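See below for the structure under consideration.
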2 protein chains.
Amino acid sequence: MYTYQEMLSILNNGGYRLTDQRLSLLQVLETFGGSFSALDFEKKANEMEPSIGRATLFRAIDLFLEQGILEKIHRENGDDVYIVGSKGHHHHIICRDCGEIRDIDACPFEKELEEVIQREGFSSTIHRIEIEGICESCRKKGEGKN
Amino acid sequence: MYTYQEMLSILNNGGYRLTDQRLSLLQVLETFGGSFSALDFEKKANEMEPSIGRATLFRAIDLFLEQGILEKIHRENGDDVYIVGSKGHHHHIICRDCGEIRDIDACPFEKELEEVIQREGFSSTIHRIEIEGICESCRKKGEGKN
DNA sequence: CTTCATGCAAACCCTTTGCACGTCG
DNA sequence: CGACGTGCAAAGGGTTTGCATGAAG
């Protein structure tokens, strides 16, 4: 997960202006532990100065996605959520309950994927792998209740 | 990919009413080769009798998804599309260009997934794997042009 | 006949756009 | 100063809802 400084460098190196709004949004990103919706993001952003217009927020999200500062994740329930990005090719495992997301580095599926892609004759492929389940601490909480 | 008869049985066995609208929608499903949007579905459905209200269409889609008659696929560009379902656990490889979708049966990733899930301590997991690329015939078409 | 399904139109929600104004570099 | 970014409010577009009507079993 990128630090504030890394995110800032990404924007700066890309030639994007470091406006108060963008810097404020980056600060907000640092405070998220797991995944969050655009609305979560907006709410938290508007607890600080300067307040951020909806349009600006969504334009920033688009920019951050393009630059890899954010990653978009599609939940089983249909919601789109975001997480702060990180370097390299990786996938995610998400807790359905608390929303925690862990990175899975070093994609363990490369070999099998390559076989499938070869067999089907596809090229220029990208793949998306998401695992959703219940994390250990949520499972323990759940057992307490039932 | 389910046949008309199989889809019909699923509804029937589930105790759902076999209304003219639902039967008509199942017939439309048979005519799709690859993926389609809700709007594609509506358009094609309304070329036949009886015509189908938007609400009914979306309620039918929900029902079909629940029953596995349809599967929802999330495209890289953010669009949701549907395909006719098929039996068992499987994944998909999608052509970005023509929308063709092939089933990948016998999930080749089980072993690696199991390792990751164990390592992270998750339970009750589901996973979603989608591969997107250019299929062979679209690649050839593309080479002709460039 | 009773429950489940349909159709219409309006409501909804999140996201995007147009445009005048502001500001980073 | 010029290009890029912002804010507002309104439009957009796909999906969902409320409610009266209709049909399946």
Side-chain angles (χ1 to χ4, degrees), chain A residues 7-29 35-67 69-82, chain B residues 7-29 35-67 69-82:
Chain A
M7 300 192 273
L8 202 153
S9 302
I10 291 173
L11 288 187
N12 204 20
N13 297 340
Y16 300 100
R17 292 190 180 164
L18 306 177
T19 63
D20 290 348
Q21 288 84 346
R22 285 173 179 170
L23 296 179
S24 165
L25 288 174
L26 293 186
Q27 283 183 48
V28 171
L29 286 183
S35 58
F36 52 91
S37 67
L39 241 61
D40 295 334
F41 197 13
E42 186 183 23
K43 211 173 295 168
K44 215 156 177 179
N46 281 330
E47 289 167 5
M48 24 190 329
E49 287 302 319
S51 72
I52 308 227
R54 244 188 211 78
T56 301
L57 177 87
F58 281 102
R59 286 187 278 233
I61 290 178
D62 284 347
L63 174 62
F64 293 174
L65 285 172
E66 265 171 34
Q67 300 301 314
I69 291 175
L70 287 181
E71 297 169 29
K72 187 192 274 194
I73 291 183
H74 199 64
R75 294 286 299 276
E76 192 63 18
N77 66 15
D79 291 353
D80 281 328
V81 295
Y82 303 93
Chain B
M7 299 192 274
L8 202 153
S9 303
I10 292 174
L11 287 188
N12 204 21
N13 297 340
Y16 299 99
R17 292 192 179 163
L18 304 178
T19 63
D20 290 349
Q21 287 85 346
R22 285 174 179 169
L23 296 179
S24 165
L25 288 174
L26 293 187
Q27 282 183 48
V28 170
L29 286 184
S35 58
F36 51 91
S37 66
L39 241 61
D40 295 335
F41 196 13
E42 185 183 24
K43 211 172 294 166
K44 216 156 178 179
N46 281 329
E47 289 167 7
M48 21 190 332
E49 287 302 318
S51 73
I52 309 229
R54 244 186 210 75
T56 302
L57 177 87
F58 281 102
R59 286 186 278 233
I61 290 178
D62 285 348
L63 174 62
F64 293 173
L65 286 171
E66 266 171 32
Q67 300 301 315
I69 291 175
L70 287 181
E71 296 169 28
K72 189 192 273 195
I73 291 183
H74 198 63
R75 294 286 300 276
E76 193 63 17
N77 66 15
D79 292 352
D80 281 328
V81 296
Y82 304 94

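When reading the values below, keep in mind they use all heavy atoms of this one structure, side chains included, and skip hydrogens, waters and symmetry mates. Just so we're clear, the structure is a prediction, and the values are computed from it rather than from any experiment.
- From A:Tyr82, atom OH reaches atom OG of A:Ser35 across 12.0 Å, with rounding to the nearest 0.5 Å.
- Residues A:Phe36 and A:Lys44 form no side-chain contact, since every pair of their non-hydrogen atoms from C-beta on lies 4.5 Å or further apart.
- Taking atom CG of A:Leu63 as the reference point, atom P of D:dC4 lies 13 Å away to the nearest angstrom.
- In terms of phosphate contacts, B:Gln21 brings no side-chain nitrogen or oxygen within less than 4.0 Å of OP1 or OP2 of D:dA23.
- Between the side chain of B:Asn12 and the backbone N or O of B:Leu8 there is no donor-acceptor pair closer than 3.5 Å.
- Between the CZ atom of A:Arg22 and the OG atom of A:Ser24 there is a distance of 12.5 Å, given to the nearest 0.5 Å.
- When all heavy atoms are compared, the tightest approach of B:Leu65 to B:Lys72 is CD2-N, 3.7 Å.
- Taking atom CZ on B:Arg22 and atom C1' on C:dG7, their separation rounds to 14 Å, with Å as the unit.
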Kindly give the atom pairs (protein nitrogen or oxygen, nucleotide nitrogen or oxygen) under 3.5 Å for nucleotides 11-16 of chain D.
none

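- Nucleotide D:dG5 holds its P atom 16 Å from the CD1 atom of A:Ile61, rounded to whole Å.
- Using cut-offs of 30° and 60° on the angle between ring planes, the pair A:Phe64 and A:Phe41 is tilted.
- Atom CG of B:Leu23 and atom P of C:dT6 are 10 Å apart (whole Å).
- Atom CG of A:Leu25 is separated from atom C1' of D:dG7 by 14 Å (rounded to the nearest Å).
- To the nearest angstrom, C1' of C:dT15 lies 15 Å from CZ of A:Phe41.
- As rounded to whole Å, 14 Å separates atom P of C:dC4 from atom CD of B:Glu66.
- B:Leu57 is not listed as a side-chain neighbour of B:Arg54, based on a closest heavy-atom distance of 4.5 Å or more.
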Please list, for nucleotides 22-25 of chain C, all pairs of protein and nucleotide N/O atoms separated by less than 3.5 Å.
{"residue": "C:dC24", "atom": "O2", "partner": "A:Arg17", "partner atom": "NH1", "Å": "3.3"}
{"residue": "C:dC24", "atom": "O2", "partner": "A:Arg17", "partner atom": "NH2", "Å": "3.4"}
{"residue": "C:dG25", "atom": "OP1", "partner": "A:Leu18", "partner atom": "N", "Å": "3.4"}

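- A distance of 12.0 Å separates CD1 of B:Ile61 from CD1 of B:Ile69, quoted to the nearest 0.5 Å.
- In this structure, B:Leu57 atom CG and C:dT6 atom C1' are separated by 12 Å, rounded to whole Å.
- The shortest distance between side-chain heavy atoms of B:Leu26 and B:Leu11 falls below 4.5 Å.
- Stems are defined here as 3 or more consecutive Watson-Crick or G-U wobble pairs with pairing distances under 3.5 Å; those involving DNA chain D are C:1-25 with D:1-25.
- In this structure, A:Glu47 and A:Val28 have side chains that are not in contact, with every pair of non-hydrogen atoms separated by 4.5 Å or more.
- Two residues are said to be in side-chain contact when any heavy atoms from C-beta on lie closer than 4.5 Å; A:Met7 and A:Leu25 fail this criterion.
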